[in-house]
Amino acid sequence: PAAGGDGMTRRERLEAKIEKREEWAAGRRSKAADLYRYTDRYRGDVAFNTQPGHIPERARVIRATDRAYEHGKMADHHRSVADGIAHQLEASIFSDDPDAPERLRERIAGLGQERDRAKQINKEIKKGPGWEARLASAGLTMTDKEKADLLSVARHQPYLADKKTGLPVFPSYHLSNLGGNIRRLKERLEQVEHRRAQETT
């Protein structure tokens with residue numbers, strides 16, 4: 001597959017960024033721990049914390065505590081960025097992923113199934129009461145997400161309910177969005193397969 005000027009795929013570059021952020025976070029955590037160990041020795045020292053003769057030393061301890069806190073904040077920041085990149089990697093399909101065509105086909109098939117399910121659920125709901133039993137008899141059990149989506153329509157978009165039954169259904173834009181995503185992924189799949197065919201010739 002095509003790679004960047006550094007010879008790495010996009011996924012590999014992002015994985016390297018995660019590793020670097022994790023290294024930075026670990027370094028900051030280590031510095032914070034060292035500083036906290038230094039300041040802890042004075043935590044219960046009443047004389048040190050109250051007598052005027054220790055003012056310069058107390059100032060150093062306060063500065064060390066502040067630095068430890070800042071190191072901890074930066075460690076949390078690097079960890080958060082690493083987690084964000086990891087989430088992106090998990091959810092994304094990059095064109096230069098070795099298994100990009102297979103994953104794109106799986107995503108397309110999954111969205112197609114989701115659209116078909118929504119259409120079938122709408123069809124049974126529009127027939128009126130008893131729709132859940134009809135779905136069950138057809139072997140279709142609604143997922144928690146599907147139930148939550150219909151509940152959201154009932155609560156926040158009641159004007160999109162079925163006009164005849166008054167029951168919440170998946171709105172037309174929901175089906176249109178799924179269709180648009182399917183078309184977009186199919187176009188990407190064609191591009192990836194075309195590019196790879198050119199690379200092998």
Walk me through it: do Gln113 and Asp116 pass the test side chain to side chain contact (heavy atoms under 4.5 Å, CB included)?
-> CA-CA 5 Å; Gln113 291 173 359; Asp116 290 343; 5.6 Å; no
Please assess Arg60 against Thr39 for the test side chain to side chain contact (heavy atoms under 4.5 Å, CB included), listing each intermediate value before the final yes or no.
-> CA-CA 9 Å; Arg60 283 196 291 273; Thr39 60; over 6 Å; no
Stepwise side chain to side chain contact (heavy atoms under 4.5 Å, CB included) test for Asp149 and Lys145 = CA-CA 6 Å; Asp149 287 344; Lys145 182 182 182 302; 3.0 Å; yes
Test side chain to side chain contact (heavy atoms under 4.5 Å, CB included) applied to Lys20 and Glu23, step by step | CA-CA 5 Å; Lys20 183 59 66 177; Glu23 289 176 4; 3.4 Å; yes
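Counting heavy atoms from C-beta on, the side chains of Arg67 and Arg63 come closer than 4.5 Å. Looking at Arg195 and Ser95, their side chains come closer than 4.5 Å, going by heavy atoms from C-beta outward. In this structure, Ile18 and Glu22 have side chains that are in contact, with non-hydrogen atoms separated by less than 4.5 Å. Under the 4.5 Å side-chain criterion, counting only non-hydrogen atoms from C-beta, Leu185 is not in contact with Ile93. The side-chain heavy atoms of Trp131 and Lys126, taken from C-beta on, include no pair separated by under 4.5 Å. Taking the side chain as every heavy atom from C-beta outward, Val61 and Tyr38 approach each other to under 4.5 Å.
Other residues, nucleotides and ligands contribute only 12 or fewer heavy atoms inside 6.0 Å of the CG atom of Asp144. Heavy atoms of other residues, nucleotides or ligands lying less than 6.0 angstrom from CD of Glu19 number 12 at most.
Residue Met74 is not grouped with residue Val81 when hydrophobic side chains (ILVMFWY) are merged at heavy-atom distances under 4.5 angstrom, including chains of intermediate members. Both Leu150 and Leu167 belong to a single network of hydrophobic side chains, linked directly or stepwise wherever heavy atoms of I, L, V, M, F, W or Y lie under 4.5 Å apart. Taking hydrophobic clusters as Ile, Leu, Val, Met, Phe, Trp and Tyr residues chained together by side-chain heavy-atom distances below 4.5 Å, Leu111 does not share a cluster with Phe170. Residue Phe94 is not grouped with residue Leu189 when hydrophobic side chains (ILVMFWY) are merged at heavy-atom distances under 4.5 angstrom, including chains of intermediate members.
Taking Leu175 as the reference, Arg115, Ala118, Lys119, Asn122 meet the side-chain contact (heavy atoms from CB on, under 4.5 Å) condition, with sequence neighbours excluded. Evaluation of the side-chain hydrogen bond (donor to acceptor under 3.5 Å, both in side chains) rule for Arg134 yields Glu124 as partners, not counting sequence neighbours. Residues forming a ring-ring contact (aromatic ring centres under 6.0 Å, His included) with Trp24 (at least two apart in sequence, or on another chain): His78. Residues that satisfy the side-chain contact (heavy atoms from CB on, under 4.5 Å) test with Tyr69, not counting sequence neighbours, are Tyr36, Lys73.
The backbone N or O of Thr141 sits less than 3.5 Å from a side-chain atom of Arg117, completing a donor-acceptor pair. Within the 3.5 Å criterion, the main-chain N or O of Ala25 finds no donor-acceptor partner in the side chain of Arg79.
For the atom pair CG (Leu14) and CD (Gln88), the distance works out to 5.5 Å, reported to the nearest 0.5 Å. Atom NE2 of His71 and atom CG of Leu35 lie 5.5 Å apart (nearest 0.5 Å). Atom CG of Leu178 sits about 4.5 Å away from atom CD of Glu114, to the nearest 0.5 Å. The CD1 atom of Ile85 sits 12.5 Å away from atom CZ of Arg13, with the distance rounded to the nearest 0.5 Å.
The two residues Arg29 and Gly72 have their closest heavy-atom pair at NH1-O, 3.7 Å. Between Pro171 and Val153, the shortest heavy-atom contact is CD-CG2, 3.9 Å. Listed here is the closest heavy atom pair of Arg11 and Leu89: NH1-O, 3.0 Å. Counting all heavy atoms, side chain and backbone alike, Pro98 lies closest to Arg196 at O-NH1, 3.0 Å. In plain terms, the two heavy atoms of Gly166 and Ala161 that are nearest each other are O-CB, 3.7 Å.
The side chain to side chain donor-acceptor pair (under 3.5 Å) analysis of residues 161-174, with sequence neighbours excluded, yields the pairs Gln157-Tyr173, Asp162-Thr165.
For the 3.5 Å distance criterion, the side chains of Gln198 and His194 qualify, holding a donor opposite an acceptor.
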Identify every side-chain donor-acceptor pair in residues 100-108 under 3.5 Å, counting partners at least two apart or on other chains, and give the distances.
unit_1	atom_1	unit_2	atom_2	d
Arg103	NH1	Ser92	O	3.3
Arg103	NH2	Ser92	O	3.2
Arg105	NH2	Glu193	OE2	2.3
Arg107	NH2	Ala91	O	3.1

